[in-house]
There are 2 protein chains.
Amino acid sequence: MSADCLKLDNALCFAIYSANHAITRAYKPLLDKHGLTYPQYLVMIVLWDRDGQTVGGIGDELFLESSTLTPLLKRLEAAGYVRRERDPKDERQVVVFLTQKGQELRKRLAEVPRQMLKAFGCGSAGMEKLRAEINAVRDNVSKAAPHLASS
Amino acid sequence: MSADCLKLDNALCFAIYSANHAITRAYKPLLDKHGLTYPQYLVMIVLWDRDGQTVGGIGDELFLESSTLTPLLKRLEAAGYVRRERDPKDERQVVVFLTQKGQELRKRLAEVPRQMLKAFGCGSAGMEKLRAEINAVRDNVSKAAPHLASS
DNA sequence: TGCGATTAAATCGTGCGCGATTTATATGTG
DNA sequence: CACATATAAATCGCGCACGATTTAATCGCA
């Protein structure tokens, strides 16, 4: 538990922090002309995979709160990509559906993953391993977070 | 260049995105009582390492713009952790100095890296390798970003 | 059936983060 | 020296992200 080791966790956190910003900046020119931000693109990916999810369901997949998603979904709706409807079975819930335009966007953005893939500059084997390790870190940190003492 | 491969880059981007949020959430209870946010903590780390840097210098280290740093530094100043002074040699630049309170904070936050280290739940060898790989991804993406066509 | 507890979204206030612009200072070239 | 250019920070508008709170609907249990 040397001083180096303590610097290491700072460095790892910062690596993730700065990589996240770099990725968001890289997506921007690809998504801009369709009027999407990267978080909005993530929501679209969730809906392309399974349409008609609730706000809470989308939040579970993306680890986001309704206070983040509600305004974001309203912007997606204003852009014409989704429709928001109260669930008649349970009026507390809001179900989000893709519009025609939202479904078509999928094909129009087909180049995006290919462009990003090139930008990564590493093989898919390495990427898969990296993804798994980062997810493991995320899950460990999430699990430990509630128990962190405020010293 | 299979479909799986294309999903993989989405998945890697999302892993980094969600890990970043998880880390920020984990830091929160540790920093809250000192009135710091995680980005503010990053700025303090930069200044603890080398005091008296310009806004631009801090931005170069953290990959942040003056439009992000200026208000953040004003909040750090309001909290009494830093002092901002125009450089008499070049009045365009603003140099940021730690106050006494800002220097003392370093010791008061000594537990933070140790707490986070526990939360990671992986050995330092793995962490160092992970850090290096994520930084490589960040640098690749940053370098490639300006050349990404908007299809 | 009725009413407290729970659940789902939405709302509000704060702080990041950026691109585009503005303001002020410095530099360089005639 | 004068004036165009360049540079550093600050400002502005927008969108994300969260915690805390509010509103509305459902559930559970006597």
Side-chain angles (χ1 to χ4, degrees), chain A residues 14 17-29 31-33 35-44 53-60 62-79 82 84-96 142 145-146, chain B residues 14 17-29 31-43 53-60 62-79 82 84-96 142 145-146:
Chain A
F14 177 66
Y17 168 88
S18 58
N20 180 52
H21 290 162
I23 288 170
T24 302
R25 283 190 283 263
Y27 269 110
K28 190 169 194 316
L31 300 176
D32 246 4
K33 61 162 39 171
L36 282 187
T37 65
Y38 179 58
Q40 289 169 11
Y41 176 62
L42 290 177
V43 168
M44 294 303 289
Q53 294 202 60
T54 64
V55 174
I58 296 169
D60 287 344
L62 298 181
F63 306 103
L64 295 174
E65 307 296 320
S66 72
S67 47
T68 300
L69 284 172
T70 295
L72 186 156
L73 289 166
K74 284 182 177 174
R75 282 185 282 269
L76 281 181
E77 187 173 42
V82 306
R84 294 158 62 243
E85 287 178 14
R86 289 270 162 196
D87 183 351
K89 304 290 183 191
D90 183 344
E91 294 271 346
R92 289 173 304 182
Q93 302 190 89
V94 165
V95 186
V96 184
S142 295
Chain B
F14 177 67
Y17 168 88
S18 58
N20 179 53
H21 291 162
I23 288 171
T24 302
R25 282 190 284 263
Y27 269 111
K28 191 170 191 320
L31 300 176
D32 246 5
K33 61 162 40 172
H34 303 280
L36 281 188
T37 64
Y38 179 59
Q40 288 168 12
Y41 176 62
L42 289 177
V43 168
Q53 294 202 59
T54 64
V55 173
I58 297 169
D60 286 343
L62 298 181
F63 307 103
L64 294 174
E65 305 296 320
S66 72
S67 49
T68 299
L69 284 173
T70 295
L72 186 156
L73 289 167
K74 283 183 177 176
R75 283 185 283 269
L76 282 180
E77 187 172 43
V82 307
R84 293 157 65 243
E85 287 178 15
R86 289 273 161 195
D87 183 350
K89 304 290 182 189
D90 183 344
E91 294 271 345
R92 289 173 303 181
Q93 300 190 88
V94 166
V95 186
V96 184
S142 295

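Just so we're on the same page: letters track the sequence lines, and every chain starts at 1. The structure displayed is predicted, hence computed values, not measured ones.
- Remark: A:S66 is not in phosphate contact with C:dA9, judged by side-chain N or O atoms under 4.0 Å from OP1 or OP2.
- Which of D:dA25, C:dC16, C:dG19 sits closest to the side chain of A:R92 comes down to D:dA25.
- Side-chain N/O atoms of B:Y17 include one lying less than 4.0 angstrom from OP1 or OP2 on D:dA17.
- Put simply, NE2 on B:H34 is 18 Å from P on C:dG15, counting in whole angstrom units.
- Comparing B:P71 and A:V94, the nucleotide of DNA chain C nearest to each residue sits closer to the 5' end for A:V94.
- Nucleic acid contact for A:L72: sugar-phosphate only, since backbone atoms but no base atoms lie under 4.0 Å from a heavy atom of the residue.
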task: Under the side-chain contact (heavy atoms from CB on, under 4.5 Å) rule, what do B:D87 and B:T54 come out as? Steps first, then yes or no, please.
output: CA-CA 9 Å; B:D87 183 350; B:T54 64; 5.7 Å; no
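- Mapped onto DNA chain C by nearest heavy atom, B:F63 and A:L69 fall at different nucleotides, with A:L69 at the one closer to the 5' end.
- With distances taken from any side-chain atom of B:S67 to the nucleotides C:dG19, C:dA26, D:dA10, the minimum falls on C:dG19.
- Taking every side-chain heavy atom of B:H21 into account, D:dA17 is the closest of D:dT11, D:dG19, D:dA17.
- For B:D90 and D:dA6, the CG to P distance is 17 Å, given to the nearest whole Å.
- When distances are taken from the side chain of B:T54 to each of C:dT25, D:dG19, D:dA9, the shortest belongs to D:dA9.
- Residues forming a side-chain hydrogen bond (donor to acceptor under 3.5 Å, both in side chains) with A:Q93 (at least two apart in sequence, or on another chain): none.
- Neither OP1 nor OP2 of C:dA9 sits under 4.0 Å from any side-chain N or O of A:R84.
- In this structure, A:Q40 reaches the D:dC16 phosphate: one of its side-chain N or O atoms is under 4.0 Å from OP1 or OP2.
- When all heavy atoms of B:L73 and B:V82 are compared, the closest pair comes out as O-CG2, 3.9 Å.
- Distance, A:L31 CG to D:dG15 C1': 14 Å, rounded to whole Å.
- The side chain of A:V55 sits closest to C:dA9 out of C:dA20, D:dA17, C:dA9.
- Counting to the nearest Å, the P atom of D:dA9 and the CD atom of B:E85 are 14 Å from each other.
- Contact annotation: B:T37 reaches the phosphate of C:dC16 (side-chain N/O to OP1 or OP2, under 4.0 Å).
- Side chains of A:I23 and B:Y17 form no contact here, defined as non-hydrogen atoms less than 4.5 Å apart.
- To the nearest angstrom, P of C:dA10 lies 10 Å from CD of A:E77.
- One can place CG of A:L64 at 16 Å from P of C:dA8, the figure rounded to the nearest angstrom.
- Look at A:T24 and you won't find any side-chain N or O under 4.0 angstrom from OP1 or OP2 of C:dG17.
- At the heavy-atom level, A:T68 lies under 4.0 Å from base atoms of the strands shown.
- If you take CD of B:E91 and C1' of D:dA8, they are 12 Å apart, rounded to a whole angstrom.
- Rounded to whole Å, the distance from OH on A:Y41 to C1' on D:dG15 is 19 Å.
- Taking 4.0 angstrom as the limit, B:K74 places a side-chain polar atom (N or O) nearer than this to OP1 or OP2 of D:dT11.
- B:Y38 approaches A:F14 most closely through the heavy-atom pair OH-N, 3.7 Å.
- Which of D:dA6, D:dA9, C:dA9 sits closest to the side chain of A:R86 comes down to C:dA9.
- Among residues at least two apart or in separate chains, salt bridge (charged side-chain N to carboxylate O under 4.0 Å, His left out) pairs with a member in residues 65-77 of chain B are B:E77-B:R84.
- Each of D:dA8, C:dA26, C:dA9 was ranked by its minimum atom distance to the side chain of A:Q93; first place goes to C:dA9.
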